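I have placed the structure first, in the form of structure tokens, so that the comments after it can refer back to it.
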Amino acid sequence: MPDPDAPRAPEPPGEPGRAPGPPATAPAAADRPRPATGAAAAPAAPTTRPPATRPPGRADAATGPPAPAPPTAGPPFPAQPSTPPTGQEPPRPTGRPHVGVPPRPPEPPRQPRPYGAANHPPATAPGRSDGARDAGPAGAAGAGTAAAADPVAGLAADLLAHGLTATATPRTARPGRGLARLVTAALCAVLGVGLLVGAVVGSLLREGGGPARSTDAFQHARTLWRGVPVDTLFPRTLTGRGAGPGGADRTWTRIAVAPDDGCAGAFDPLLATALSPVGCTRLLRATYADATSTSVTTVGLVVTRADAAGMRTLRNRFATERLGQRADLLPKPYSADDTAAEGFGDAQRASWRISVPADLPVVVYAVSGFADGREVQRPEPADRATARGATTDPAEAGLGHDAKGLAAGVERAFRTALNAAMEAR
């Protein structure tokens, strides 16, 4: 008889009603069953370990038909995939199985749900404005059609094909941001207009045109010469920054001042005729010499009787008929004994300039010549003698620059004196 305390040998794998399984531990040599004496003897224990688990329902060619699967409450489990899905770890057993009880099969892997499928509606197909939304293959196909022409639509089509949605969160305008921009733009506009007006007014004040444009200033300019010193109207030294040939600075020194007088005999007959519409109240003249005393220039101020409209008319006539460019309309020089201009006469006139301001009741002119008394056959106007590339004698000697620079300097001195007189009133 076998020992009742000895462990029972496992049943054959093919025995019905018992699931195959390995023993928890291999029996030790001392606990093995002893063979009994007699006719009945227990079968010997197997010398090899049976397989740990055997899938239910699988046939074994050696042992016979497969053991039936244990009953379950639900439908049978699907076949275990050979390779677990990406990103998922196969379930691991939490403990050692009991002898004779098959381990619990792992749960089937869950298919990953597309992101946004439940929380976000599918994106609206490109080109749709009615708010309808496409989902699934139809939406992806419609989006793919627009993708050929629009890269953004192509991206949307790819997202729809993979079950994704592309949503953009609209930027919420900050409260008061539009008003702040409007106020900033208005302030910039006001500042810009203020700077522009200030620049224009400053330019007019620097040139003396501001007060002279008023009727009071225009009338006061007609009598300015009576109360202004001669050194103010004809400074002893005048400097022209960049007024010489090649942009060089020029300096002129006053050598003679003519007494104030009328305009009789001060101009060539044709020039006197051209100036007659504005009349002549007083003629003021002075003669200057350059730094080397090789050239002399007479500068004159003709105070007229005309009003502002008459001066504008005369200015327009000089501009349209080019009266200031004609060699038969020249002013006469003022010569003085015992000076560098002693031999300065009509034959020595080489270049000249006539300026008719529209906002002043004066005509400013200048005529220049050589101090050594040489005669000039063909006088040249200052604009032509100062042109680039001029090669005439007046141009190369800088006589055109002398006439142009001194006429501008005396006119500037007259405006400065007028502004000072108006501010003092």
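Note that the structure is predicted; figures quoted are calculated from it, not measured. Sequence positions, counted from 1, serve as the residue numbers for this chain.
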Do the numbers put Arg374 on top of the ring of Phe370, so that NZ or CZ is under 6.0 Å from the six-membered ring centre and no more than 45° off the axis?
yes
Does the [X] side chain pair with the main chain of [Y], one donor and one acceptor, at a distance under 3.5 Å?
{"X": "Arg305", "Y": "Cys280", "value": "yes"}
{"X": "Thr304", "Y": "Pro361", "value": "yes"}
{"X": "Thr232", "Y": "Val228", "value": "no"}
{"X": "Arg254", "Y": "Phe234", "value": "yes"}
{"X": "Asp268", "Y": "Leu270", "value": "no"}
{"X": "Asp290", "Y": "Trp252", "value": "no"}
{"X": "Trp225", "Y": "Val230", "value": "no"}
{"X": "Glu411", "Y": "Ala408", "value": "no"}
{"X": "Arg349", "Y": "Pro331", "value": "yes"}
{"X": "Glu380", "Y": "Ser351", "value": "no"}

How close do [X] and [Y] get, heavy atom to heavy atom, and via which atoms?
{"X": "Val278", "Y": "Gly310", "result": "CG1-O, 4.0 Å"}
{"X": "Leu360", "Y": "Phe414", "result": "CD1-CD2, 4.1 Å"}
{"X": "Leu329", "Y": "Ile354", "result": "O-CD1, 3.9 Å"}
{"X": "Ala407", "Y": "Val364", "result": "O-CG1, 3.6 Å"}

Ring centres under 6.0 Å, that's the criterion: do Tyr365 and Phe267 meet it?
yes
I need the Arg226 CZ to Asp260 CG distance, nearest 0.5 Å.
10.0 Å
Looking at OG1 of Thr294 and CG of Asp372, how far apart are the two atoms once the value is rounded to the nearest 0.5 Å?
8.5 Å
Taking CZ in Arg315 as the centre, count heavy atoms belonging to other residues, nucleotides or ligands within less than 6.0 Å. Is the count above 12?
no
Quick one about Thr298 and Thr287 (side-chain donor to acceptor, distance below 3.5 Å, no hydrogens or angles considered), yes or no?
yes
Quick check on side-chain hydrogen bond (donor to acceptor under 3.5 Å, both in side chains): which of Thr297, Thr386, Asp383 does Arg353 satisfy it with?
Asp383
Is there a salt bridge (charged side-chain N to carboxylate O under 4.0 Å, His left out) between Asp359 and Arg415 once you walk through the steps?
CA-CA 10 Å; Asp359 58 339; Arg415 291 182 180 276; 3.0 Å; yes
Thr239 and Arg250: side chain to side chain contact (heavy atoms under 4.5 Å, CB included), yes or no, with the steps?
CA-CA 6 Å; Thr239 301; Arg250 300 282 277 189; over 6 Å; no
Would you please test Leu275 and Leu314 for side chain to side chain contact (heavy atoms under 4.5 Å, CB included) and show each step?
CA-CA 8 Å; Leu275 295 176; Leu314 181 65; 4.1 Å; yes
